[in-house]
Amino acid sequence: MSEKKKSKGPFTASFIYTDEILTDFMAVYNLKKQVHPGTRVVCALGGLAGILYFGYMLYADGASVARVGYLVTCSLLLLVAVSGGRDRSDGTTDKYKQYYAGRKVDFRIDEEGVWMQLSDQKSQAHSAFSQIYSLCETDKCFYFIIKGKAYYIISKQAVSGGTPEELASYMQSHCQKRFLHYKV
């Protein structure tokens, strides 16, 4: 019979969202929205080759639904390659900065998931580990993503109940995901 390793926790963190923390968040959010340069190169090469080939086939042999569809698909690949690296601000970071700046927050991470309590709010936000679909980190903060644009932002300096490394290990094992590390 294998012995189960005792989990560390609960972890807590209490801090005020500063400009430094929110600037770190803005950098991560904008990096996550960009298409990886390698992916952009593949899309560009595939799109350009497809446009030339299917464009020539349309010219030489006439139109068919398949050729037109492939030509459109290749054009979209080329569009992804060209626009993938640009800053496409959607206002999310501005909303976070406006809403969270200067506010105190308390986090608790235990066997039931992640709990967050903002100052001035009566209710707590709670997410089970199964609701967290991505884990990210920088040198300053952890980011637990629960929806497309919903993040739990936790300052590593404020973590108690264990070290930031222990919290990272705990989250990885409970969410069954690895942290993506971003250099900002």
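Along the sequence shown, residues carry numbers from 1.
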> Below 4.0 angstrom, N of the basic side chain to O of the carboxylate: do Arg108 and Asp106 qualify?
Replying inline: no

> Would you say Met171 and Leu180 are hydrophobically clustered, going by side-chain heavy atoms of ILVMFWY under 4.5 Å?
Replying inline: yes

>> Suppose we screen for ring pair (Phe, Tyr, Trp, His ring centres under 6.0 Å). Which residues come up paired with Phe142, at least two apart in sequence or across chains?
In response: Phe179

> Which residue pairs pass the salt bridge (charged side-chain N to carboxylate O under 4.0 Å, His left out) test with at least one member in residues 126-141, sequence neighbours excluded?
Replying inline: Glu20-Lys140, Glu137-Lys156

>> Once rounded to the nearest 0.5 Å, what's the spacing between atom SG of Cys141 and atom CD of Gln157?
In response: 8.5 Å

>> Among residues at least two apart in sequence or on other chains, which ones pass ring pair (Phe, Tyr, Trp, His ring centres under 6.0 Å) with His181?
In response: none

> Considering all heavy atoms of both residues, which atom of Ala150 and which atom of Tyr96 are nearest to each other, and what is their separation?
Replying inline: CA-OH, 3.3 Å

> Quick one: does Ser127's side chain get under 4.5 Å of Phe144's, heavy atoms only?
Replying inline: no

> When the ring planes of Phe129 and Tyr170 are compared, do they come out parallel, tilted or perpendicular, using 30° and 60° as the limits?
Replying inline: perpendicular

> Listed by chain and number, what are the side-chain contact (heavy atoms from CB on, under 4.5 Å) partners of Ser160, not counting sequence neighbours?
Replying inline: Thr12

> What is the minimum heavy-atom distance between Ile21 and Ile16, and which atoms define it?
Replying inline: CD1-O, 3.8 Å

> Is any side-chain heavy atom of Tyr152 closer than 4.5 Å to a side-chain heavy atom of Val105?
Replying inline: no

> Is there a side-chain contact between Ile109 and Ile154 (heavy atoms, below 4.5 Å)?
Replying inline: yes

> Just how far is it from atom OG of Ser173 to atom CZ of Arg178, taken to the nearest 0.5 Å?
Replying inline: 11.0 Å

>> Please give me the minimum heavy-atom distance between Ser14 and Ala158, naming the atom from each residue.
In response: O-CB, 3.7 Å

> Does Tyr29 offer a backbone N or O that forms a donor-acceptor pair with the side chain of Tyr151 under 3.5 Å?
Replying inline: no

> Under 6.0 Å from the CZ atom of Arg103, do we count more than 12 heavy atoms belonging to anything else shown?
Replying inline: yes

> Which atoms form the tightest heavy-atom contact between Lys177 and Ile132, and what is the distance?
Replying inline: CE-O, 3.3 Å

> Rounded to the nearest 0.5 Å, what separation is found between the CG atom of Asp110 and the CD atom of Glu112?
Replying inline: 5.5 Å

> Measuring from Met26:CE to Asp94:CG, what's the distance to the nearest 0.5 Å?
Replying inline: 7.5 Å

> Which heavy atom of Phe107 sits nearest a heavy atom of Ile153, and at what distance?
Replying inline: CE1-O, 3.3 Å

>> Please determine whether side-chain contact (heavy atoms from CB on, under 4.5 Å) holds for the pair Lys97 and Asp19, giving the CA-CA distance in whole Å, both sets of side-chain angles, and the decisive distance to 0.1 Å.
In response: CA-CA 8 Å; Lys97 190 168 188 172; Asp19 282 341; 3.8 Å; yes

>> Within the 3.5 Å criterion, strictly below it, is a donor on Gln131 or His126 matched to an acceptor on the partner's side chain?
In response: no

> Applying the 4.5 Å side-chain criterion to the ILVMFWY set and letting contacts propagate, would Leu167 and Trp115 be lumped into a single cluster?
Replying inline: no

>> Please evaluate residues Phe25 and Thr138 with respect to the criterion side-chain contact (heavy atoms from CB on, under 4.5 Å), reporting the C-alpha separation (whole Å), side-chain torsions for both, the decisive distance (0.1 Å), and the verdict.
In response: CA-CA 9 Å; Phe25 166 69; Thr138 64; over 6 Å; no

>> According to salt bridge (charged side-chain N to carboxylate O under 4.0 Å, His left out), does anything in residues 43-58 pair up with another residue at least two apart or in another chain? List the pairs.
In response: none

> With sequence neighbours excluded, what pairs up with Tyr17 under the ring pair (Phe, Tyr, Trp, His ring centres under 6.0 Å) test?
Replying inline: Phe15, Tyr100

>> Same cluster or not: Phe11 versus Leu118, using hydrophobic residues (I, L, V, M, F, W, Y) connected whenever any side-chain heavy atoms lie under 4.5 Å apart?
In response: yes

